[in-house]
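Step one of this worksheet: look at the structure below.
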Amino acid sequence: MSHEPTEPRSLHFIEEIVEADRLSGKHGGRVLTRFPPEPNGYLHIGHAKSICLNFGLAKAWGGATNLRFDDTNPVKEDVEYVDSIREDVQWLGFDWKGEFYASDYFPFMYDYAEYLIGQGKAYVCDLSEAEIREYRGNFHVPGRPSPFRDRAPEESLDLFRRMRAGEFADGARVLRAKIDMHSGNMNLRDPLMYRIRRAHHHRTGDAWCLYPMYDYAHGVSDALETITHSICTLEFEDHRPLYDWFLDQDTEGKFFQRPLPRQIEFARLNLTYTVMSKRRLLQLVQEGIVRGWDDPRMPTICGLRRRGFTPESVRAFAERVGVAKRDMVADAGLLDFCIREDLERRAPRRMAVLRPLKVVITNMGDNEAFEVELPNHPEDTTMGTRTMPFTRELFIDHDDFREEAPKKWFRLAPGAEVRLRGACLVTCQEVLKDAAGQVVELRCTWDPASRGGNAPDGRKVKGTLHWVSAVHAIPAEVRLYEPLFSQEDPMDVAEGQDWKTLLNPGSLETLTDARLEPSLGAALPGERFQFERTGYFVVDPDSATGKPVFNRTVGLKDSWVKIEAKG
RNA sequence: UGGGGAGUGGUCUAAUGGUAGGACAACGGUUUCUGGUACCGUCAGGUGAGGGUUCAAAUCCUUCCUCCCCAACCA
């Protein structure tokens with residue numbers, strides 16, 4: 001019962017490259033990709049796209065994928081994040097071949113750096129940070145060579161070793177690649193390879209006081225692992241010449257196995273009504289706008305998980321959005337579609353009343369109560385059945401009653417007859433209100449002949465409502481979620497406007513008095529259900545025995561709101 | 001005004017010189033004890049714009065326009 005799309009589909013541009021490499025025998029038929037997160041934040045749906053791409057590609061071509069933590073900046077990274085990243089990749093359904101850390105390669109990188117110095121391809125520069133910036137020029141002004149650019153390799157080597165030995169203060173000197181200060185590509189204006197940073201590293205501890213920069217470390221790590229295709233996002237496109245440069249300097253072939261890995265860039269995922277940048281996500285968490293990284297409103301993998309998404313649905317989503325090079329913003333509605341599509345066939349049905357309205361069946365005695373047997377899935381009988389008690393006092397949803405029935409209203413209203421799912425037909429005879437004029441109770445009569453759900457006379461009843469027995473129902477908390485932002489592109493903030501004014505104030509609605517059918521009392525955290533007529537829900541870890549908490553993953557499609565909107 | 005990318009219905013994506021197709025969304029209908037699902041149908045782009053090559057152009061050439069990325073000792 002796979003939900004993965006299996007229809008033959010034309011290859012996207014990265015698949016074409018991989019296929020062309022296979023046909024040409026470039027890597028001897030080998031495909032090895034890598035997923036290289038920096039352990040400085042939680043993974044989000046955008047990472048999921050990259051994970052699915054990298055692991056999916058390898059799988060399709062009989063290859064494998066390494067998980068590599070890109071931990072070259074100890075001041076920003078932490079083990080807390082590596083654990084969550086591992087968990088999230090696994091949850092998505094992928095197994096990595098090797099688990100590596102860029103820091104595993106620090107000794108190798110150091111040796112290669114010494115080699116490059118010896119070859120006159122790198123030099124130690126004593127300029128300050130501000131001076132380096134100034135010498136680098138800008139888009140319109142070519143850079144000027146550092147006064148240390150032509151320092152003798154022997155001198156640079158000596159200095160570099162002393163940098164490593166801890167003789168110099170943080171920021172006092174850096175190692176730079178000697179490329180082209182006049183390049184139109186700023187990345188090639190003698191980029192930094194190493195900076196001195198006395199920071200405790202989560203893996204190497206205090207063994208190093210200098211750390212390599214991304215551009216140097218990344219390609220070297222890829223080459224060392226014999227990665228065949230190094231896939232990253234568009235903003236690294238003009239880093240590619242640098243990526244290649246560092247590896248190409250191994251002219252004697254003493255350091256890397258050939259052929260060298262190839263960097264390929266694709267467009268990162270953006271989603272409507274949410275933000276994806278680590279900075280914004282971190283802000284949401286730190287300022288308490290959401291409850292944490294796994295708040296069900298967050299686009300993080302752990303947030304989606306807590307929200308009730310399945311790994312299959314996230315993978316299907318990644319497949320559907322596709323892979324290309326144009327900047328893209330996927331419709332959040334597509335994600336809703338993917339999870340509905342998955343849960344539609346696998347979530348057992350249950351009855352749950354979100355906003356209870358009491359209904360008393362006036363012509364039914366307490367001793368007339370009966371059991372109703374209901375299928376767990378209307379189209380899949382293998383999912384079995386369960387029973388629910390039908391009694392004189394019930395709850396239905398407030399949303400299913402209108403004192404003044406609008407046009408095409410099939411639900412309950414004074415004098416109207418509806419079906420209570422699986423049980424019988426009832427007619428509303430009387431409406432009881434409190435002092436404030438709020439409807440608090442409905443007095444109805446039932447047609448005993450309709451027991452089971454249909455009247456023997458064959459009369460048609462269009463409305464079918466969900467219900468629970470008042471005395472048997474389990475009280476529960478239900479959390480309803482809406483998009484975090486009220487604007488499609490939350491990054492589109494007007495001058496002088498705080499982006500937080502774009503937050504959707506109704507992104508979380510907590511219902512504290514929902515009533516569930518009895519069988520739901522045994523539900524365990526993570527279990528998913530369809531509450532009939534309302535949506536898909538998952539048991540939240542906040543649940544306590546006797547006091548379950550449910551999250552709405554996504555609502556059912558609701559054509560009534562459209563009908564009513566049209567008048 | 002430097003360098004690097006990208007422009008196909010509302011959104012995403014295909015078509016690799018030969019009928020612009022699919023998915024989501026939207027709209028309408030059939031079925032239905034979930035206003036769900038399923039099924040059927042409709043709408044919607046002449047492919048950023050102009051010029052050229054060709055029997056034939058989204059695809060090749062050319063000029064222009066628009067959008068995105070780059071001036072961290074971040075990744």
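Only a predicted model underlies this, so the values are computations on that prediction, with no experimental measurement involved. In what follows, chains are A, B, ... by sequence order, proteins preceding strands, each numbered from 1.
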N or O in side chain of Lys325(A) less than 4.0 angstrom from rC68(B) OP1/OP2: no

Residue closer to the 5' end of RNA chain B, Lys76(A) versus Val323(A) (nearest nucleotide): Val323(A)

Nucleic acid footprint by protein, nucleotides 35-43 of chain B - heavy-atom cut-off 4.0 Å, B for base, S for sugar-phosphate alone: BBB------

Under-4.0 Å side-chain N/O to phosphate OP1/OP2 contact, Arg197(A) with rC74(B): yes

Stacked pair His140(A)-rU1(B), distance under 5.5 Å, angle under 30°: yes

Below 4.0 Å: OP1/OP2 of rA75(B) and any side-chain N or O of Arg268(A): no

Parallel, tilted or perpendicular, as decided by the 30° and 60° cut-offs, for the rings of Tyr110(A) and Phe160(A): parallel

Phosphate contact (rG28(B) OP1 or OP2) by Lys566(A) side-chain N/O below 4.0 Å: yes

Centroid under 5.5 Å and tilt under 30°, Phe139(A) to rG2(B): yes

For RNA chain B, stems built from three or more consecutive Watson-Crick or G-U wobble pairs below 3.5 Å: B:2-7 with B:65-70, B:10-13 with B:21-24, B:26-30 with B:38-42, B:48-52 with B:60-64

Parallel, tilted or perpendicular: ring planes of His201(A) versus Tyr211(A), cut at 30 and 60 degrees: parallel

Rounded interatomic separation in angstrom, taking CD1 from Ile132(A) and P from rC73(B): 7 Å

Under 3.5 Å: donor-acceptor pair, side chain of Arg349(A), backbone of Phe529(A): no

Contact under 4.0 Å: Arg9(A) side-chain N or O vs rA14(B) OP1/OP2: no

Residues within residues 233-242 of chain A bordering RNA chain B, heavy-atom distance below 4.0 Å: Glu235(A), Phe236(A), Glu237(A), Asp238(A), His239(A)

The single option from Lys462(A), Arg411(A), Arg459(A), Lys460(A) passing salt bridge (Lys or Arg N to Asp or Glu O under 4.0 Å) against Glu417(A): Arg459(A)

